[in-house]
Amino acid sequence: MASLSQFLLFFSFLFCLKNTFPVLGFQSNFALFPVAKDAATLQYVARISHGAPLGSTDLVVDLGGSFLWMDCNSGHVSSSYRLISSCSVNCSRAKFHDLGSTSCLLNTNCYVSPYNGVTGSTSMGELVEDVIAVDSVDPSDVGQSTTVDHFLFACAPTFHLQGLASGANGMMGLGKASISLPSQLSSSIGHPQKFCVCLSSSTGVLLTGSGDTVFGTKIARSLAYTPLITKQNDYFINVQAIKINGRRLAVHEEGKLEAKLSTVVPYTTMVSSVYAIFSKAYVEAATKMNMTRVETVAPFGLCFSSKGPLVPEIDLVLQSEMVKWRIQGRNSMVKVSEESMCLGFLDGGLEQSSPIVIGGLQMEDNLLEFDTGSSMLGFSSSLLFKETTCSSSLQDSKLKQFI
C-alpha cells in the first residue's frame, strides 16, 4: 500500500511538472535580451524587465548557472513577487538536483542555494515567482513585448553580489536546470529548447529559442555542430586536438580534451600541462611569422609587439578534422597598449578541473547555438570572417532598439 501511494505521488509530481508553465496562446521563435560587456570586470551583463511596476535589472550572464537570482531588496524592487512554499511542486523542481535539500515543512518558504559563478561562493536565498517582460517573442510583430507570469528565480542577500560588475544586481543562469531562464521560457512561450549567445566587446545579444529570425538563415544555417555535453549545469565540448597554424600539438592527455564553456571567465584557461605545450608551440609559430616578444603584462603569459597584421591561427579540432573551432585575430589577442598585445590564453594551474575552459574573449562575435533538446552546440567561428559582427548581423532594424 505504501509503495502504491509513493507511485501515485510520483505520478502526480510528473503531471504537475509538465504543466507548471502553461504555454501562451501563440508559438514564439525567440525571446531577446540585450547583453553589454562591462569594461572593468570583463563580465557580460544582460538586462531583464520584471515585476510591478515593470522595471529593469542588470544581471551577469552565467552559462552554467542553475537559475536566475538577484538581490530583491535593492535596485528595482518589485511589489508583485510571491514566495514559494517548501512543499510546492516548484520547490521540488528547483531542488531536483540537490538531493540533500528535499525536506518539506508546511507553512515554510522554499530555500535554494544561489551560486555566484564569479567568486565561486554559495548563499541561501528564497525561491520566488514574479512576472517578466520578454521582447520580440512574436516574429510577425518584432519589437513588441509580452509578459510571462510565474517566472521562478531566487532572492539572494546583498553581500552575494560581491565580485559582480558595478550596477549588476544578480546573475542570469543559462544552465540546463529546469528553472534556468532558457528552460522556463521554452515551457512558457513555446519556443524550441535552445538558446543562442552572440557576445561582443561592446554590445551583444542573448536569444532563447531559434536565432534564424534575428541573424538570418544564411548565418544560422552556416553553423558547424558538435555534441554538447552537460555536467550538472555546465556545458562542455570534447576537443580531439589543438592545432596552431595547422600543426597538431602533442598534448598527452588521456582520451579527449574536455573543454568547458564559461561566460564568467574572461580568457581561455588551460591546465598547466596543456598550457606548457600550447604556449611553446605558439611562440614557435609566432617566431616563424616574425612576431617580436615583449615584456608580459599580468595576467597574460605571452605578449608581442603589435606591429604586423597577422597572428597564428588556433584550431580546436572537435569530433573530426572537418569540424574545427578556429580562433585568431581579435579572438586570440588582447591589445594592452599602442605597442603591444598579449595572447588571451592563460595558465589555469595544476588543479583546474577541466583541461580547457573556453572564456568570453574566444566566444565574442561567434554565434553559439546551445541546442539542449538535441544536445548539440552550433558555432559560427568568428563572424568577422563573414564580414559582420554580433551587433551588425541583426537582421531586422527594429531590433536595434534593444541592443
Side-chain angles (χ1 to χ4, degrees), residues 9-10 13-14 16-21 46 48 50-51 57-132 148-164 168-188 195 208 230-235 262-264 372:
L9 180 63
F10 179 69
F13 170 76
L14 290 180
C16 293
L17 186 66
K18 181 180 179 182
N19 294 280
T20 299
F21 296 115
I48 189 169
H50 67 98
T57 296
D58 291 340
L59 304 167
V60 174
V61 176
D62 184 3
L63 268 178
S66 301
F67 47 78
L68 187 153
W69 63 263
M70 68 177 74
D71 176 9
C72 299
N73 295 317
S74 65
H76 172 62
V77 179
S78 171
S79 62
S80 59
Y81 77 81
R82 186 177 70 87
L83 293 166
I84 301 299
S85 167
S86 66
C87 294
S88 67
V89 171
N90 280 333
C91 188
S92 298
R93 294 176 70 245
K95 296 184 176 183
F96 184 73
H97 295 290
D98 190 359
L99 300 179
S101 303
T102 56
S103 61
C104 163
L105 297 174
L106 293 174
N107 301 318
T108 60
N109 297 329
C110 180
Y111 285 90
V112 291
S113 302
Y115 177 70
N116 184 325
V118 174
T119 62
S121 62
T122 301
S123 67
M124 181 175 291
E126 292 176 310
L127 186 68
V128 301
E129 66 176 18
D130 204 346
V131 60
I132 66 169
V148 177
D149 296 324
H150 311 297
F151 185 86
L152 296 171
F153 61 95
C155 289
T158 302
F159 68 80
H160 203 48
L161 300 177
Q162 182 180 359
L164 302 188
N169 205 42
M171 301 195 78
M172 178 185 285
L174 304 180
K176 203 177 179 181
S178 61
I179 66 166
S180 70
L181 179 91
S183 297
Q184 289 195 67
L185 292 185
S186 175
S187 299
S188 297
F195 66 93
T208 62
T230 306
K231 293 186 179 180
Q232 294 182 333
N233 291 299
D234 288 312
Y235 298 108
S262 174
T263 50
V264 297
T372 57

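Worth saying up front: this structure is predicted, and the values here are computed from it rather than measured.
- In the model, N116 has no side-chain atom that pairs as donor or acceptor with a side-chain atom of S121 under 3.5 Å.
- Checked by atom type, the side-chain pair T122/S113 shows no donor-acceptor distance below 3.5 Å.
- For the 3.5 Å distance criterion, the side chains of S74 and N169 qualify, holding a donor opposite an acceptor.
- Counting only distance, with no hydrogens or angles, the side chain of T208 and the backbone of P182 share no donor-acceptor pair below 3.5 Å.
- For the atom pair NE2 (H150) and OG (S188), the distance works out to 9.5 Å, reported to the nearest 0.5 Å.
- Side chain of S178 to main chain of R93: a donor-acceptor pair is present (N/O by atom type, distance under 3.5 Å, no hydrogens or angles).
- Inter-residue side-chain proximity for S80 and V131 is flagged as met; some heavy-atom pair is nearer than 4.5 Å.
- When all heavy atoms are compared, the tightest approach of G117 to D62 is CA-OD2, 3.9 Å.
- For the residue pair H50/S78, the side-chain donor-acceptor check at 3.5 Å is not satisfied.
- The CG atom of D149 sits 11.5 Å away from the CZ atom of R82 when rounded to the nearest 0.5 Å.
- In summary, the side chains of Y111 and E126 do present a donor paired with an acceptor at a separation below 3.5 Å, with no hydrogens or angles considered.
- Of the possible donor and acceptor atoms, none in the side chain of T119 sits under 3.5 Å from a partner among the backbone N and O of G163.
- Heavy-atom minimum distance, P157 versus S123: CD-OG, 3.6 Å.
- Formation of a donor-acceptor pair under 3.5 Å by the Y235 side chain with backbone atoms of L174 is found in this model.
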